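The structure displayed is predicted, hence computed values, not measured ones.
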Amino acid sequence: TAQPWTRYFRILREPDSWWLCGFYAVTFGGFVGLASFLNTFYRTQYGVHPVVAGNLATISVLAGSFLRPVGGYLADRFGGVRILTLIYGLVAVILTALACHPSVTVTTVLFTGTLGLLGIGNGAVFQLVPQRFPRELGVITGLISAAGGLGGFFLPTSLGLLRDCTGSYAGGFATFAAICLASAVAIVHITRAWYGIYIRTGGLASLPVASVSEPLLAQEGS
């Protein structure tokens, strides 16, 4: 059923809308931002040939791209809140290791893990969105996607600016790690009020699919 226009604008006054935007800005923004940043990073940090830098970046990007559906599956299976909390924590640990500037081989493995985890996080965020805003799904999806795009724009710019100021990428990675840790704490705190209303324990769907489809099937059979 179509909703009044005022209902769609009202979503902008919902704090949960902006929290979901922030969570997606970290996962999708982090994925897109790092994907566009890696080629430059490999060349400036390790002095590798541009073609080699592009190949190394591609490995990491493919991991994140293919693992996004896995994130949705894991969130459906174990709960979006649990998966996102774990993802943010693991990414923070890996980014802290990257701040130490290990060898190019280790760095490639770590970045592949980072973008893979962020890809899983992208799917997990959108497992929660339709549960929290089932009637405003179109507008909230557009709003959250826009936030993700902005995150992807600001991340590489911020990493570059911090390197110009400090002479190292370490500060940028450490800052992003801190943001991920803050996101892990925030999602646990924010979603406590959702339990029993929008989601079940861990972020599982509040109603099983069968309970939604069964009434429709009963109507068709009558």
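The shortest side-chain heavy-atom distance between S65 and F31 falls under the 4.5 Å cut-off. Residues T27 and V91 form no side-chain contact, since every pair of their non-hydrogen atoms from C-beta on lies 4.5 Å or further apart. Counting heavy atoms from C-beta on, the side chains of L38 and S60 come closer than 4.5 Å. Within the 4.5 Å cutoff, the side chain of L86 has no heavy atoms near those of the F78 side chain. Residues F133 and L20 meet the side-chain proximity criterion, which asks for heavy atoms closer than 4.5 Å. Annotation: side chain of V139 is not in contact with side chain of L143 (no heavy-atom distance under 4.5 Å). Using a 4.5 Å heavy-atom threshold, the side chains of E14 and R132 count as touching. Between T40 and R43, some side-chain heavy-atom pair lies under the 4.5 Å cut-off.
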> Do S17 and L12 pass the side chain to side chain contact (heavy atoms under 4.5 Å, CB included) test, and can you show the C-alpha distance, the side-chain angles, and the key distance before you say yes or no?
Replying inline: CA-CA 7 Å; S17 302; L12 299 175; over 6 Å; no
> Where do F23 and L128 land on the side chain to side chain contact (heavy atoms under 4.5 Å, CB included) test, with the steps shown first?
Replying inline: CA-CA 11 Å; F23 297 143; L128 292 172; over 6 Å; no
>> One pair to check against side chain to side chain donor-acceptor pair (under 3.5 Å): T108 and Y42. What are the steps and the verdict?
In response: CA-CA 9 Å; T108 301; Y42 280 120; 3.1 Å; yes
>> Is there a side chain to side chain contact (heavy atoms under 4.5 Å, CB included) between V81 and W194? Walk through the geometry before answering.
In response: CA-CA 11 Å; V81 176; W194 298 7; 5.7 Å; no
> Given L56 and T107, is the side chain to side chain contact (heavy atoms under 4.5 Å, CB included) satisfied, shown in steps?
Replying inline: CA-CA 10 Å; L56 294 176; T107 295; over 6 Å; no
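Without hydrogens or angle criteria, Q127 side chain to L74 main chain gives no donor-acceptor distance under 3.5 Å. Although no hydrogens or angles enter the test, the distance criterion places a donor-acceptor pair under 3.5 Å between the side chain of R200 and the main chain of A205.
Atom CG of N55 is separated from atom CG of N39 by 9.5 Å, given to the nearest 0.5 angstrom. Taking CG from L162 and OG1 from T166, the interatomic distance works out to 6.0 Å, rounded to the nearest 0.5 Å. Remark: F176 CZ to L34 CG distance equals 5.5 Å, nearest 0.5 Å.
When all heavy atoms of N122 and F28 are compared, the pair lying nearest together is OD1-N, 2.7 Å. For the pair L181 and A92, the tightest heavy-atom approach, listed with the atom from each and the gap, is CG-CB, 3.6 Å. Here the closest heavy-atom approach between residue A35 and residue V61 is recorded as CB-CG2, 3.6 Å. Across all non-hydrogen atoms, the minimal contact from A97 to P102 is O-CD, 3.6 Å. Annotation for C180 and V26: closest pair SG-CG1, 4.0 Å, computed over non-hydrogen atoms. Counting all heavy atoms, side chain and backbone alike, R163 lies closest to T44 at NH2-O, 4.2 Å.
In F66, the CZ atom is not crowded: 12 or fewer heavy atoms of neighbouring residues, nucleotides or ligands sit closer than 6.0 Å. Surrounding CH2 of W19 are at most 12 heavy atoms belonging to other residues, nucleotides or ligands under 6.0 Å away.
The distance between the ring centers of Y24 and F126 falls below 6.0 angstrom.
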